Amino acid sequence: MHHVQQLINGQFTQSKTDEWIDITDPATQEIIAKVPQTTNDEINQAVAAAQTAFQTWRKTPITTRARIFLKYQELIREHMDELAEILTAEQGKTIADARGDVFRGLEVVEHAAGIANLQIGDFVENVASGVDTYSIWQPLGVCAGITPFNFPAMIPLWMFPMAIATGNTFILKPSEQDPMVTMRLVELAVEAGVPEGVLNVVHGGKATVDAICDHPDIKAVSFVGSTAVGHHVYERASKSGKRAQCMMGAKNHGVILPDANKEQTLNQLAGAAFGAAGQRCMALSVVVLVGAAGEWIDDIKAKAENLVVSAGKNDKDLGPLISPAAKARVEHLIGTGVEEGASLILDGRGITVEGFEKGNFVGPTIFDNVTSDMQIYKEEIFGPVLCIMRAASLDEAIELLNANPHGNGTAIFTQSGAAAHKFQQDIQVGQIGINLPIPVPLPMFSFSGSRASKLGALGPYGKQAVQFYTQTKTVTARWFDDEASRGVNTTISI
Ligand code: NAD
């Protein structure tokens, strides 16, 4: 049986813990590895190693740091097929989608390789006579990242490359449900030249997360995961004086106006609602049909019925959910939708996939006539379930969306520039797609979820990550060019 290793001070070692968590193939329930609940001693060793490494890493030339990420992006590309295969085996998503997961993380690595163009302070000459002020962006110290199961490649890569490139050292805590692809990415980072102690990995669940939040030598915590845990992490980490950012749960609405390009819109909707079995924080899980678009129900249903559910390695349209518990939860929520009076027009419960009878499969599921007081609307389902709602006008749709507390993503489908512009201006959601269903920005921007989907001001990659992982120092300097004394001045200068 494979035991997932930890990385402490440059050494991949097996934990001394006696608590091990099973990692199972979600398509078969076969136990494929075990991951440790890292002990407190080991967590302290990892932080101590990161603290020591920080003393030299922060003074390592920015160009040297950048070159490691140039090498790293090359290694990730070379190992793309292997990474996707590991990811699919433990997480369940299709191979094509697993490659996308790695690729979206790779883009952040490429961005980190340009750090010398990003970590640039300001300079103002002559703020007073002969006086200059400049700012420098210095790393914080030991930073930490806590990641969810649904993007085990992309989300760790949102975090440690930018943290390390900016001169910090890092403690990563991957999801205990699928840490193997994350570990392979970490091995490649070490191969690319990340020095010992600069990147460390510890494992486990709540106990490890709490130890990270409480540790006095960790300066910042980046978290991506569910809303309840995000609140816990933000409060606990903030209480011990850390900088924290938490990207959390969502309920993303697509708004379809009757003038939208029908075929393209329906294809995009089906992909975004059911892809990755709905286990994406940017999944479009609610669609609001405006006016005559309300007649597109049968077409939406037909698109969903055409999708093929199978084990991820068979590379069909949807794989299984991550665990039997996740499947039971999704099926329970579908049950509440029926009880509360929504019209279940496509039921994905109870399906079996030949050859994978024990898999955590739920097929595409659609509810029509959903209202905002129903549990299926109020809760993030995180499964392949689409809720359909209606609105008489764009204004009514905007009002409905803005009344929902979440602010991760939304999309409008229309051929009207005026309608799209109004939507962009009035909608209170941080990431907006126009005829594009999953508007996750590339790293020249930053992930910009908002409201209930986020705690902390700054996003996890891009420009905002440079700010998150650095503190600004300003230096105000005067160099005397003569010996003349200006005398003592006891007033503040004006
Ligand atoms: P999760 O909150 O269960 O787990 C996230 C991390 O927190 C894991 O590393 C886990 O070990 C740890 N954890 C779990 N329970 C804990 C507890 N009680 N105390 C302390 N730590 C705990 O989330 P998940 O199920 O792995 O991921 C799915 C969730 O993540 C969804 O809600 C999804 O919307 C969200 N997500 C958000 C984004 C975003 O950018 N907003 C991106 C991806 C996923």
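Numbering of ligands and ligand atoms starts at 1, following listing order. Computed from a predicted structure; not experimentally measured.
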For ligand 1, indicate whether the residue Asn150 contacts it via side chain, backbone, both or neither (heavy-atom separation under 4.0 Å).
-> side chain
At what distance is the nearest protein heavy atom to atom 35 (C) of ligand 1, and which residue and atom is it?
-> Gly225 O, 3.1 Å
Considering the heavy atoms of Trp158, write down every atom of ligand 1 situated less than 4.0 Å from one of them.
-> 40 (O)
Phe447 near ligand 1, heavy-atom distance under 4.0 Å?
-> yes
Quick one: which of Glu85, Glu82, Glu90, Glu191 gives a salt bridge (charged side-chain N to carboxylate O under 4.0 Å, His left out) with Arg184?
-> Glu82
Per-atom filter on ligand 1: closer than 4.0 angstrom to a heavy atom of Lys173 are 8 (C), 9 (O), 10 (C), 11 (O)
Closest to atom 22 (C) of ligand 1 among Val440, Val233, Val229 (heavy-atom distance) = Val229
Which bit of Asn408 gets closer than 4.0 Å to ligand 1, counting heavy atoms only: side chain, backbone, both or neither?
-> side chain
For Ile146, atoms of ligand 1 separated by under 4.0 Å from a heavy atom = 6 (C), 7 (O), 9 (O)
Polar contact flag for Glu176 and ligand 1 (N/O pairs, less than 3.5 Å) | yes
Ligand 1-proximal atoms of Thr227, by part, heavy-atom distance under 4.0 Å | neither
So is Thr147 polar-close to ligand 1, meaning N/O to N/O under 3.5 Å?
-> yes
Identity and separation of the nearest protein heavy atom to atom 26 (O) of ligand 1 = Phe149 N, 3.0 Å
Could you check Asn360 against Gln29 for side-chain hydrogen bond (donor to acceptor under 3.5 Å, both in side chains), going step by step and ending with a plain yes or no?
-> CA-CA 8 Å; Asn360 312 315; Gln29 309 309 335; 2.6 Å; yes
Qualifying residue, where the test is side chain to side chain contact (heavy atoms under 4.5 Å, CB included) with Glu379 and the options are Lys251, Met374, Arg329 | Arg329
The residue among Asp101, Thr88, Asn150 that forms side chain to side chain donor-acceptor pair (under 3.5 Å) with Lys93 is Asp101
Min heavy-atom dist Ile322 to ligand 1 below 4.0 Å | no
Please report the C-alpha distance between Asn404 and His406 in whole Å, then the side-chain angles of each, then the deciding distance to 0.1 Å, and finally whether the side-chain hydrogen bond (donor to acceptor under 3.5 Å, both in side chains) criterion is met.
-> CA-CA 6 Å; Asn404 186 288; His406 292 100; 3.3 Å; yes
Ligand 1 atoms in contact with Gly249 (distance to a heavy atom under 4.0 Å) = 32 (O), 34 (O)
Salt bridge flag under 4.0 Å for residues Asp97 and Arg280 | yes
Exercise: do Glu42 and Ser15 side chains pair donor with acceptor under 3.5 Å | yes
To which protein heavy atom is atom 3 (O) of ligand 1 closest, and what is the distance rounded to 0.1 Å?
-> Ser226 OG, 4.0 Å
At a 4.0 Å threshold, what atoms of ligand 1 neighbour a non-hydrogen atom of Ile155?
-> 42 (C), 43 (C)
Within the 6.0 Å centroid threshold, strictly below: His253 and Tyr377 = yes
Who's the nearest protein heavy-atom neighbour of atom 28 (C) of ligand 1, and how far?
-> Phe382 CE2, 3.6 Å
What protein heavy atom is closest to atom 39 (C) of ligand 1, reported as residue, atom name and distance in Å?
-> Cys281 SG, 3.3 Å
re atom 41 (N) of ligand 1, the protein heavy-atom contact at minimum distance is Met248 O, 2.8 Å
Heavy-atom nearest neighbour in the protein, as seen from atom 12 (C) of ligand 1, with distance rounded to 0.1 Å = Val209 CG2, 4.0 Å
Atom CD1 of Ile398 and atom CD1 of Ile412: how far apart are they, to the nearest 0.5 Å?
-> 6.5 Å
Ligand 1 versus Phe223, non-hydrogen atoms closer than 4.0 Å: side chain, backbone, both, neither?
-> side chain
Is Lys378 salt-bridged to Asp373, going by a charged N under 4.0 Å from an acidic O?
-> no
Looking at Lys173, His203, Gln37, which one forms a side chain to side chain donor-acceptor pair (under 3.5 Å) with Thr208?
-> Gln37
Identify the heavy atoms of Leu318 and Ala277 that sit nearest to each other, and give their distance.
-> CD2-CA, 4.1 Å
Any idea which part of Glu380 is under 4.0 Å from ligand 1, heavy-atom wise: side chain, backbone, both or neither?
-> side chain
Atom 19 (N) of ligand 1: closest protein heavy atom, distance to 0.1 Å, is Lys206 CG, 3.3 Å
Compare every heavy atom of Lys327 with every heavy atom of Gly359, then report the nearest pair and how far apart it is.
-> O-NZ, 4.0 Å
Ala27 to Ala311 - nearest heavy-atom pair and separation | CB-CB, 3.7 Å
